[in-house]
Amino acid sequence: MFFVKNCKYLIARPLKNLLKIKRWNSQLRVTITKEKIKQGPGLKEFLYDTTDVSIERPYIPYLPENVQWKHKRKIYFDVYGCQMNINDTDIVWSILKNEGFERTENEDEADIFLVMTCAIREGAENKIWHRLDHLRGFKRRRAISKDKNIPVKIGILGCMAERLKEKLIEKEKAVDVVAGPDSYRDLPRLLALTDNGQTAVNVLLSLDETYADVVPVRLNQDSISAFISIMRGCDNMCTYCIVPFTRGRERSRPAASIVDEVKQLRDQGVKELTLLGQNVNSYRDLSQPDARNDTRLAEGFKTVYKAKKGGLRFADLLDQVSAVDPEMRIRFTAAHPKDFPDEVLQVISERANICKLVHLPAQSGSSAVLQRMRRGYSREAYLTLARHIRRTLPGVGLSTDMICGFCGETEEEFQETLTLMDLVGYNVAFLFPYSMREKTTAYRRYKDDVPEEVKKNRHNRMLELYRTRCQLLNKEEIGCVHLVLVEGTNKKTGQIVGRNELYIKVVFNQEDILAEDGGRRQVKPGDYVAVKILAAKSSVLSGQLLYHTSLSEFYREFSWGDRKIARVNC
Ligand code: 5AD
Ligand code: SF4
């Protein structure tokens, strides 16, 4: 497949007699002079073969290789929003590091601030507006300080950039660069433009950009956990959600590049990996042959878009990724209930290193609300699937996302959300009051008619039920031995902090304990340890450190499922 790189030049080249053409386009803003047109590139330079893996990044003909940067370029990153934004920031950092940019964690040293943004709810955007207020002040102070020859540049990246486009620059005069989720390769050029005092916007969405060839450079190199985006975008068009508009169409990254990255992360000492996608179960590496014939949706589930066919599926990817290192914990998120194939459950059950926690966002417990949300399933179909997962994977944990106060939600409909939460007994839940987003179907079709105070009240009731339910679930763990992956030390209490299989925080005191070689040593980040649970709160367990172990060794001794087989309660 070929991809057109810059239509502006392509259109402008024949217009030789024009002295100066200033074109403003809502997505890309460039000033074109006759001189530039004469020296401009030919047709072939606007096309690159997206299947050619030898091309590291698109050649940008109008950014000379020896571009003279006027200023030292130290970047300060701010990351808001979901795990995918963390991974996207690592991709951005990789691209810019390659171009010779430096990074700083000290605001005073920075001359470029890049803010990775989220647009999912108004609250998320408000936080970013506050940050921009601060950055605007910083920029103003720098402009009158002794360092005034090094102006501060501000770039807005990600979903809010995509949603607001050049309105961001109009509204927030301090912003210099706006780059959407599919234009990070263009950032060196966009930043170079700002050196000449221009503002630069690129919010083009792509059908095939997966950054497969960009090896992300993690901002937090010390972390024992990492994220890998296995796909981008979303085709589901749930009526409340802005994601399909900000992240574009769904596309999967080739499995081979994912597995390569997993190996690199293993070599860097990463012990826990989360595979990310808006809906991992619709993953398809279309460059691979179709190994499965599982395109039919289970009874009670339907989809609004025509599902792609063929290719390597998520179950096979999970199989390949988990085979890289049996000592590396594998997690994945999120799995849309409508696409949950038995093959995925099968792989999870076979591999000790795939965590037995399934994130299955319900969004609501009311069939009527689910229909308005266009989720493609009813309450009953969701509950049947939850039961099926629990039976197939004894001891599995379930997590969810829930929204309260969606358009037209009555008290009775909300009660159904509470009863669903109670029935399923989620180990982890992310609970949100509804926030109307422009462009979505709900914005066009429905009224945001649940008053703010009612949303707030329902949100609190959800939180209360969740906490109470979680505390009960966690109390059942008292006396059990958990495999804990050590993350670090709590600075306030000095206690060691780690996570169990279900991603619940476990805290305990540092001690010299028995190691695999028969000696004794203290624990450090990245160690697997056996911990006996002694006390439980709704979001944290505390326990007694027992001994060092490995993932394979621990599960030879204890079966996660056997201990919990009784908990099939939904
Ligand atoms: N309002 C509130 N929550 C939302 N989510 C998505 N869109 C909205 C919205 N407009 C929630 C969903 C989704 C999670 C990432 O954010 O629960 O699963
Ligand atoms: Fe949004 Fe629905 Fe896609 Fe999730 S599946 S990102 S909620 S549209």
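Indexing begins at 1, ligand by ligand and atom by atom, following the structure's order.
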Distance filter under 4.0 Å to Pro433 heavy atoms, resulting ligand 1 atoms: 2 (C)
Whether Ser94 side chain and Asp90 backbone form a donor-acceptor pair below 3.5 Å: no
Test item: side-chain donor near acceptor, Asn500 and His482, under 3.5 Å: yes
Per-atom contacts of ligand 2 with Cys234, taking only distances under 4.0 Å to non-hydrogen atoms: 3 (Fe), 5 (S), 6 (S), 8 (S)
Thr117 side chain vs Leu157 backbone, donor-acceptor pair below 3.5 Å: yes
Within reach of ligand 1, part of Tyr434 (heavy-atom separation under 4.0 Å): both
Distance-only polar pair, side chains of Ser225 and Glu272, donor-acceptor under 3.5 Å: yes
Heavy-atom nearest option to atom 1 (Fe) of ligand 2, drawn from Cys82, Gly277, Cys241: Cys241
Identity and distance of the protein heavy atom lying nearest atom 6 (S) of ligand 2: Gln278 OE1, 3.4 Å
For atom 16 (O) of ligand 1, the protein heavy atom that lies nearest, with its residue and separation: Arg121 NH1, 3.0 Å
Sidechain-backbone polar pair: Tyr382 side chain, Leu360 backbone, donor-acceptor under 3.5 Å: yes
Distance filter under 4.0 Å to Tyr240 heavy atoms, resulting ligand 1 atoms: 6 (C), 7 (N), 8 (C), 10 (N)
Ligand 1 contact by Ala334, heavy-atom criterion under 4.0 angstrom: no
Contact partition for Ala334 relative to ligand 2, non-hydrogen atoms under 4.0 Å: neither
Shortest protein heavy-atom distance from atom 18 (O) of ligand 1, along with the residue and atom involved: Asp401 OD2, 2.6 Å
Where ligand 1 meets Gln363 - atom numbers and elements under 4.0 angstrom, heavy-atom basis: 12 (C), 13 (C), 17 (O), 18 (O)
Salt-bridge present (Arg372, Glu413; N to O < 4.0 Å): yes
Where ligand 2 meets Pro244 - atom numbers and elements under 4.0 angstrom, heavy-atom basis: 8 (S)
Polar side chain donor-acceptor pair, Asn87 to Ser229, under 3.5 angstrom: yes
Carboxylate-amine/guanidinium proximity below 4.0 Å for Arg232 and Glu250: no
Close aromatic pair by centroid cut-off 6.0 Å: Phe113 and Phe77: no
Atom indices of ligand 1, in the order listed, that fall short of 4.0 Å to a heavy atom of Ile403: 3 (N), 4 (C), 5 (N), 12 (C), 17 (O)
Atom 4 (Fe) of ligand 2 touched by protein (heavy atom, under 4.0 Å): no
Atom 2 (Fe) of ligand 2 contact by Cys238, N, O or S atom under 2.8 Å: yes
Flag for Arg445-Thr239: side-chain donor and acceptor within less than 3.5 Å: no
Distance from atom 7 (S) of ligand 2 to nearest protein heavy atom, with residue and atom: Tyr240 OH, 3.2 Å
Donor on one side chain, acceptor on other, Gln415 and Glu411, under 3.5 Å: yes
Non-hydrogen atom of Arg375 closer than 4.0 Å to ligand 2: yes
Residue, atom name and distance, where the atom is the protein heavy atom closest to atom 10 (N) of ligand 1: Ser435 O, 2.7 Å
Salt-bridge contact Arg437-Asp448 (side-chain N to carboxylate O under 4.0 Å): no
Numbered atoms of ligand 1 (with element) below 4.0 Å of Arg437, judged on heavy atoms: 10 (N)
